[in-house]
Amino acid sequence: MAHAAPHAKVLPADLSAPSFVKGWRARALVVAVLFAVTAVVLATLDHSAEHIYRAWVLGLMLTFGFSVGGLALLMVQYVSGGKWGLLLRRPLEAMSRTLPLVFAYWVVAGLWMKHLYLWAAVTDTASALKSGLINETEAHAIDWKRPMLQPSAFWITGIVCFAIWAFYAWRLNGMSMRREADSPSNTPYWIKKLENISGFGIVVYSLTMTAAVIYWVMSMDVTWYSSVYGLLFLVGQGYQVLALAILTSISLSKADPYKTILRQTEQYDLGKFTFAFVMLNIYLAFSQFLIIWSGNMPEEIVWYMNRFNGHWAVIATLDFMFHWLIPFSLLLSKDLKKNKKRLMRVAQWMIFAKAFDLFWLIEPNYKDAAQNLHFSWGILEYIAVPVAMVSLWVAYYAWELTRRPLVQTNDPHLAEILEPEHAHA
Amino acid sequence: MAVPREGIYGLVAEFETPTELVIAARAAYDSGWRRLDCYTPYPVEEAAEVIGFHKNRVSLVTLIGGLMGLCAMFSLETWISTLAYPLNIAGRPTYSWPAFIIPAYEWTILFAGLSAAFGMLALNGLPSLYHPLFNAPNFRSGATQDKFFLCLEATDPKFDPAESKAFLEGFRPNSVVEVEY
């Protein structure tokens, strides 16, 4: 405010990531190796690698969510503006630059296609039906969806999607640097330009990510479909990316430059933003359930029966509590959103909850697990493999964080973010 | 709080800028004043902050309202569907809770919203038909337009008509006016 006494803080001269970010990288790499070894041990105990493949998709979806979801939120902040956008810009850029690792994860998942997707495993439906490998509904679905659900379509769609995401990540990251090097008088031009690219980019992102999740997760069950599926994952990405962004900003705020720029006001705003995603997430998940439950149609309801019957209801109930009830109740509190330590705990919890939700979505797609929750050494792969994959991703992300100054200086919001903040009555 | 209904309500100082108001309010609070208030044409958060006003109970009222809405609608639906008017809908049990969620959710929002609005008014002491400050001749137009007021109230133990007036005048306000009940 204009009338406030000018006690504005001064941005430190060194805007690079503090040295402890290198420590994150080292720690993440150690965790990745430990859990990768655990995954191999578990596979030997289980005498099967089947669960490695499935858990791999969980890890893929998590890291994909961070990377491409980070790109999407980067575009959202360019379109919406706001001080939170300036605060998160560099971390979000770093997330978007981790796309090569996600691509590598995806290629590996693609190579395991025959283990993961029934439509890839079964080439001749008639003989598979005769041998009892699939039932009639599945045979029908595989035959009819063949133009889409076949290996070449999987590869082409995936590569096109990754090319589009890479293009946007490259454009936005590159232009952000050119804007920084340009004179401040050109900033309005850059703001408009980035906004225009991002606006269209958000539309393209929603379409491509919907295609991706349909291939990678929904098609694990060939018979089932849901028109809200893409949106559900889209909101889920917002959920996990905001959690990670909060985690990153608060962790970085132990030292400059985030110590100077992270104000309680923006932290509180991020908390509220996250709360909105927690709400929207359950809204969509519950809508999908309510519609399918009301219709009670044989071609749709099986998907839920696979996920409720045979003790899966325990996981579903926990999922509801972990994913919605706990973060929702905690984030209601104004004091919690202003408390760095507690907000960080909630953000960590939310990332765990996201992984838990993906477990409930993925595992019951397979015949041995559908309507039959049971213990095997293999089920523990759902902990080992994603932890290893996400840790490796975190190491990459931490490295990307160190590659750029953490604050954009050619931004009109910078002066505001350095102003003293006011207590909210 | 025992409010005397006659005599002096307090002393009100008129300032030209919010900065002057905040400086005076901070000094008053720091020297031990507790029954004091700021009046401004638009929210000045620093002013609220310096006179020690940090929290209010609107969020608690909203939460309680929301929970009441949730319980009320969910119970109503349960009562209608299981006891008052049980219907066989596609062979489902009469207590089909998934179908109850949406109206219960809507009532949560409705009750929470209404509680926030009316709770805020109630906690503000509104509607109020009379406030002594409007007896100050310069208050009515100033506080709604471009002047910033600090009122030291007579109920504060530190209040002394002459001494407090001198205290306020030390901040060079436009005027210091004694307000009658």
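The chains referred to below are lettered A, B, ... by the order of the sequence lines, with proteins before strands, and numbering in each begins at 1. Fair warning: this is a prediction, and the values are worked out from it, not measured in the lab.
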Quiz: residues 68-88 of chain B side-chain donor-acceptor pairs under 3.5 angstrom, not counting sequence neighbours:
unit_1: B:Ser75; atom_1: OG; unit_2: B:Cys71; atom_2: O; d: 2.4
unit_1: B:Thr78; atom_1: OG1; unit_2: B:Phe74; atom_2: O; d: 2.6
unit_1: B:Ser81; atom_1: OG; unit_2: B:Glu77; atom_2: O; d: 2.9
unit_1: B:Thr82; atom_1: OG1; unit_2: B:Thr78; atom_2: O; d: 2.5
unit_1: B:Asn88; atom_1: OD1; unit_2: B:Gly91; atom_2: N; d: 2.8

Side-chain donor-acceptor pairs under 3.5 Å in residues 156-169 of chain B, sequence neighbours left out?
unit_1: B:Asp156; atom_1: OD1; unit_2: B:Lys158; atom_2: N; d: 2.8
unit_1: B:Asp156; atom_1: OD2; unit_2: B:Arg34; atom_2: N; d: 2.8
unit_1: B:Asp156; atom_1: OD2; unit_2: B:Arg35; atom_2: N; d: 2.8
unit_1: B:Lys158; atom_1: NZ; unit_2: B:Ser31; atom_2: O; d: 3.0
unit_1: B:Asp160; atom_1: OD1; unit_2: B:Ala162; atom_2: N; d: 3.3
unit_1: B:Asp160; atom_1: OD1; unit_2: B:Glu163; atom_2: N; d: 2.9
unit_1: B:Ser164; atom_1: OG; unit_2: B:Asp160; atom_2: N; d: 3.0
unit_1: B:Ser164; atom_1: OG; unit_2: B:Asp160; atom_2: O; d: 2.8

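Around atom OH of A:Tyr225, no more than 12 heavy atoms belonging to other residues, nucleotides or ligands sit under 6.0 Å away. Annotation for A:Phe352: atom CZ counts as buried by contact number, over 12 foreign heavy atoms lying within 6.0 Å. A 6.0 Å sphere centred on NZ of A:Lys272 holds more than 12 heavy atoms belonging to other residues, nucleotides or ligands. Atom CZ of B:Arg92 is surrounded by more than 12 heavy atoms from other residues, nucleotides or ligands within 6.0 Å.
Using a 4.5 Å cut-off between heavy atoms, B:Leu63 contacts chain A through its side chain alone, with no backbone atom that close.
Of all residues spanning residues 281-315 of chain A, those with a heavy atom less than 4.5 Å away from chain B's heavy atoms are A:Tyr283, A:Phe286, A:Phe289, A:Leu290, A:Trp293, A:Ser294, A:Gly295, A:Asn296, arranged by number.
Here the CG-NZ distance, from B:Asn56 to A:Lys334, works out to 5.5 Å after rounding to the nearest 0.5 Å.
Under the rule for a side chain to side chain donor-acceptor pair (under 3.5 Å), B:Asn124 has no partner lying at least two apart in sequence or in another chain.
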